[in-house]
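First up is the structure itself, then whatever we jot down about it.
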Amino acid sequence: MKLATWNVNSLKVRLPQVLQWLADNPVDVLCLQETKTIDEKFPQAEIEAAGYHVVFSGQKTYNGVAILSRHPMTDVVRNNPHFADEQQRLIAATIKGVRVICAYIPNGQAPDSDKYQYKLRWLDGLQQWLTLEVAAHPKFALLGDYNIAPDDRDVHDPAAWVGQILVSEPERAAFRRMIDLPLADSFRLFEQPAKLFSWWDYRQMGFRRNFGMRIDHILLSPALAAACTACVIDKVPRKWEQPSDHTPVVATIELV
DNA sequence: ATGGCTTGTAGGACAAGA
């Protein structure tokens with residue numbers, strides 16, 4: 001079973017790339033973030049025509065998440081039952097016995113901003129929900145744009161980012177609390193080359209200079225981590241014309 | 001260097017992302 005996550009920065013703009021990527025990479029599950037479309041305008045027919053079931057939770061202009069799956073989905077939940085939020089950032093479904101949560105964790109804007117406080121409260125609420133979901137589902141996966149670089153290894157220039165969002169200690173502490181549930185960062189289950197990232201700034205030729213961050217993650221429960229045989233960041237779509245600033249991350253799990 | 005790109009909303013700048 002292959003599970004993938006991709007922040008597409010507008011599904012309207014990126015739909016052709018999503019369909020192309022799925023044709024090239026027929027994963028079982030693809031979690032999307034920043035669809036930026038209301039449900040009435042979600043391109044459900046196009047995705048189903050590509051052979052995928054799809055569930056989604058969107059809003060106007062911002063945020064928006066979706067799960068695409070080769071297999072039927074059950075027990076779909078939109079938003080966090082333990083954290084009231086008008087922003088559409090979470091959707092969950094069960095696929096072949098695997099509980100999947102697709103998350104678009106808030107960006108936080110700046111450490112002294114209200115949005116940063118919202119991010120930390122949002123992460124507290126997520127932790128409450130995760131605690132219950134991990135206990136209820138031995139096969140559990142949390143995929144998405146975390147907007148957290150867990151480690152200095154995940155930052156192109158750690159010195160330049162000290163004290164900023166994505167790397168601040170409270171954010172990293174929230175990430176470690178998820179790891180302590182326990183959940184495994186599937187990327188770090190394997191030897192990885194240095195300086196591998198999942199996001200690069202559009203500006204200043206960030207991708208060409210590899211000025212990036214690893215902020216998109218696939219966390220796995222112990223049962224799934226034990227069956228995980230690979231986790232790769234696919235940089236190919238970031239090289240396409242008019243790319244998202246994020247690129248897909250894919251975990252392979254050998255379910256028995 | 002608080003901006004550099006990109007997107008959505010609008011139908012002109014501006015908010016937001018990370």
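From a predicted model like this one, the values you see are computed outputs, not experimental measurements. The chains referred to below are lettered A, B, ... by the order of the sequence lines, with proteins before strands, and numbering in each begins at 1. When reading the values below, keep in mind they use all heavy atoms of this one structure, side chains included, and skip hydrogens, waters and symmetry mates.
Note on A:Y104: only backbone sugar-phosphate atoms sit closer than 4.0 angstrom, heavy atoms only; bases stay farther off. Among the protein residues, A:Q242 comes within range of the sugar-phosphate backbone only, with heavy atoms under 4.0 Å from sugar or phosphate atoms but none that close to a base. In this structure, A:D216 reaches neither bases nor backbone, as no heavy-atom distance under 4.0 Å exists between it and the strands shown.
Between the C1' atoms of B:dA15 and B:dA10, the separation comes to 13 Å (whole Å). A gap of 14 Å separates the P atoms of B:dA16 and B:dG3, to the nearest Å. On the C1' atoms, B:dG12 is 16 Å away from B:dT7, given to the nearest whole Å. Comparing B:dA18 with B:dT2, their P atoms are spaced 22 Å from each other, to the whole Å.
With values rounded to the nearest 0.5 angstrom, A:F207 atom CZ is found 11.5 Å from A:F197 atom CZ.
First and last contacts of DNA chain B with chain A, using any nucleotide atom under 4.0 Å from a protein heavy atom and ordered 5' to 3', fall at B:dG4 to B:dA18.
A donor-acceptor pair shorter than 3.5 Å cannot be found between the side chains of A:W129 and A:N80. A donor and an acceptor atom, one from each side chain of A:R99 and A:T94, are located under 3.5 Å apart. Between the side chains of A:D85 and A:W122, at least one donor N or O lies within less than 3.5 Å of an accepting N or O. Inspection of the A:D24 and A:Q20 side chains reveals an N or O donor paired with an N or O acceptor under 3.5 Å.
When each of A:H246, A:Q33, A:K36 is tested with A:N9 by the rule side-chain hydrogen bond (donor to acceptor under 3.5 Å, both in side chains), just one qualifies, namely A:K36.
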